[in-house]
Amino acid sequence: MARRKKIYEGKAKILYEGPEPGTIVQYFKDDATAFNAKKKDVIEGKGVLNNRLSEFFMTGLNQIGVPTHFIKRLNMREQLVKSCEIVPLEVIVRNYAAGTMTQRLGIEEGTQLPRPIVEYCLKNDDLGDPLVTEEHIAAFGWASQQDMDDILSLALRVNDFLSGVMLAVGIRLVDFKIEIGRIYDGDFMRLIIADEISPDSCRLWDIETGEKLDKDVFRRDLGSLTDAYTEVANRLGVMPKNSGQFSKPTLIN
Ligand code: CDP
């Protein structure tokens, strides 16, 4: 098989040129990083779980009319997605206080927020993804006012969808991050949900016990990350219980 052209390699994923123009193959690695890549490890199976979980969430969003870049899953570690121009912002939605919000504002972790709060950070690892305001975004032209209205409404729709899906399996959606892409249909530009939605980019707590089922398990050394992600996948009915249940053998290159 001809080697595909690598477009970009990030901390947790590799992007390859897709089979048709306008498509990209997104490969999920097992690498875990935290604290702006100061902490690193390889967690066997994480990529497989995140590929499945992101497929599950993106498919659900597509079905309720929230556009995403997801086209189809190709195999255990890869999915075909629409190529898009990434808006250089990390869009964070918070329902309960955690992470940087607790540090910045001194709010106790787990405090329910009066309403979902949306924050924007500039996508820039060298600067540690700093929090920015809509004033910065408009002044520096990272997104227009119309884009920001659309991004806010997309973010809140994703929050409602994910919160509901999680609540149904006894998990609290504390916060999450999404990335937004632009795609062009001729002169017409549309914003879609891009990147991934997985326990790498969400905070998920068991409603009964408060147990953390997300990347904080890795950040804070709270146990096995694969066990936590497998628990999320099992509750959502996303992963076959064991690889013996796959209907077809998977070709290993
Ligand atoms: O996670 P951290 O404490 O560094 O930052 P945060 O601002 O509290 O993160 C809010 C949510 O966005 C968490 O669910 C993070 O996992 C997620 N996030 C992410 O996926 N990628 C980033 N670069 C920053 C935050």
Side-chain angles (χ1 to χ4, degrees), residues 8-13 26 28-29 31-41 43 46-47 49-51 53-54 57-58 61 68-69 86-113 115-133 136-137 142 151-152 154-156 158-163 165-167 171-181 193-207 210-222 225 228-229 232:
Y8 174 80
E9 177 155 3
K11 286 173 278 192
K13 295 186 292 291
Q26 186 166 254
F28 287 77
K29 302 196 281 187
D31 300 27
T33 62
F35 311 118
N36 206 6
K38 287 188 196 81
K39 177 171 178 164
K40 290 185 203 175
D41 205 348
I43 312 281
K46 179 174 85 80
L49 284 154
N50 281 352
N51 186 25
L53 283 161
S54 202
F57 297 127
M58 297 276 185
L61 287 168
T68 81
H69 72 163
I86 296 286
V87 175
L89 299 172
E90 307 216 322
V91 180
I92 292 172
V93 184
R94 301 179 184 275
N95 298 306
Y96 294 82
T100 53
M101 174 175 253
T102 59
Q103 297 154 18
R104 207 179 306 115
L105 301 181
I107 303 175
E108 199 189 336
E109 182 178 70
T111 308
Q112 184 168 15
L113 301 173
R115 61 186 173 89
I117 295 179
V118 183
E119 293 175 353
Y120 306 99
C121 294
L122 179 65
K123 255 176 79 73
N124 185 322
D125 282 342
D126 295 342
L127 300 176
D129 299 335
L131 187 69
V132 291
T133 67
H136 296 110
I137 296 168
W142 296 320
I151 289 172
L152 178 65
L154 283 172
L156 293 175
V158 173
N159 186 42
D160 284 347
F161 172 76
L162 287 183
S163 296
V165 167
M166 290 302 179
L167 189 62
I171 294 174
R172 170 162 299 149
L173 178 67
V174 173
D175 59 29
F176 65 93
K177 181 230 23 173
I178 48 171
E179 295 188 19
I180 306 288
I193 310 296
D195 190 50
E196 71 177 283
I197 300 178
S198 75
D200 268 8
S201 53
C202 301
R203 283 198 172 89
L204 305 170
W205 298 353
D206 181 89
I207 286 184
E211 186 191 353
K212 293 183 181 10
L213 299 170
D214 56 59
K215 205 164 91 173
D216 274 349
V217 172
F218 170 71
R219 290 188 189 98
R220 300 194 193 175
D221 296 317
L222 299 176
L225 193 73
Y229 287 20
V232 176

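Counting starts at 1 for both ligands and their atoms, following the listed order. Treat the numbers as computed from the prediction; the structure is a model and nothing was measured. Position 1 is the first residue of the sequence; numbering continues from there.
The closest protein non-hydrogen atom to atom 2 (P) of ligand 1 is Arg203 NH2, 3.5 Å. In terms of protein heavy-atom proximity, atom 11 (C) of ligand 1 is nearest to Asp175 OD1, 3.4 Å. Of all protein heavy atoms, the one closest to atom 12 (O) of ligand 1 is Lys177 CB, 3.4 Å. For atom 4 (O) of ligand 1, the closest heavy atom belonging to the protein is Thr100 CG2, 4.2 Å. Looking only at heavy atoms of the protein, atom 23 (N) of ligand 1 is closest to Glu90 OE1, 2.7 Å.
Summarising the geometry of Gly47 relative to Phe28, their closest heavy-atom pair is O-CB, 3.3 Å, with the distance given to 0.1 Å. Nearest approach of Val158 to Ile193, heavy atoms of both residues: CG2-CD1, 3.8 Å. Among all heavy-atom pairs drawn from Trp205 and Ala98, the shortest one is CZ2-CB, 4.4 Å. What you find for Tyr96 and Gly110 is that their closest heavy atoms are CD2-O, 3.4 Å. Closest approach of Arg203 and Asp216 over heavy atoms only: NE-OD2, 2.8 Å.
In the vicinity of Asp129, heavy-atom distances shorter than 4.0 Å reach the ligand 1 atoms 23 (N). Atoms of ligand 1 found under 4.0 Å from any heavy atom of Arg94, numbered from 1 in the order shown, are 6 (P), 7 (O), 8 (O), 10 (C). Near Cys202, the atoms of ligand 1 lying under 4.0 angstrom from a non-hydrogen atom of the residue are 14 (O). Close approach of ligand 1 to Gly99 (heavy-atom distance below 4.0 Å) involves ligand atoms 3 (O), 8 (O). Remark: ligand 1 atoms within the under-4.0 Å shell around heavy atoms of Asp200 are 16 (O), 20 (O). The distance from ligand 1 to the heavy atoms of Arg219 drops below 4.0 Å at these ligand atoms: 1 (O), 15 (C), 16 (O).
The salt bridge (charged side-chain N to carboxylate O under 4.0 Å, His left out) analysis of residues 95-107, with sequence neighbours excluded, yields the pairs Arg104-Glu119.
Surrounding NZ of Lys39 are more than 12 heavy atoms belonging to other residues, nucleotides or ligands, all under 6.0 Å away.
The heavy atom nearest to atom 25 (C) of ligand 1, considering only Ile92, Asp216, Thr33, Asp195, is found in Ile92.
Residue contacts with ligand 1: Glu119 is placed with no nitrogen or oxygen under 3.5 Å of a nitrogen or oxygen of the ligand (distance criterion only).
Here the rule is side-chain hydrogen bond (donor to acceptor under 3.5 Å, both in side chains) with Asp200, and of Lys11, Lys46, Lys215, Lys177 only Lys46 fits it.
At a threshold of 4.0 Å, the pair Lys212-Glu109 counts as salt-bridged, since one of the basic side-chain nitrogens sits closer than that to a carboxylate oxygen.
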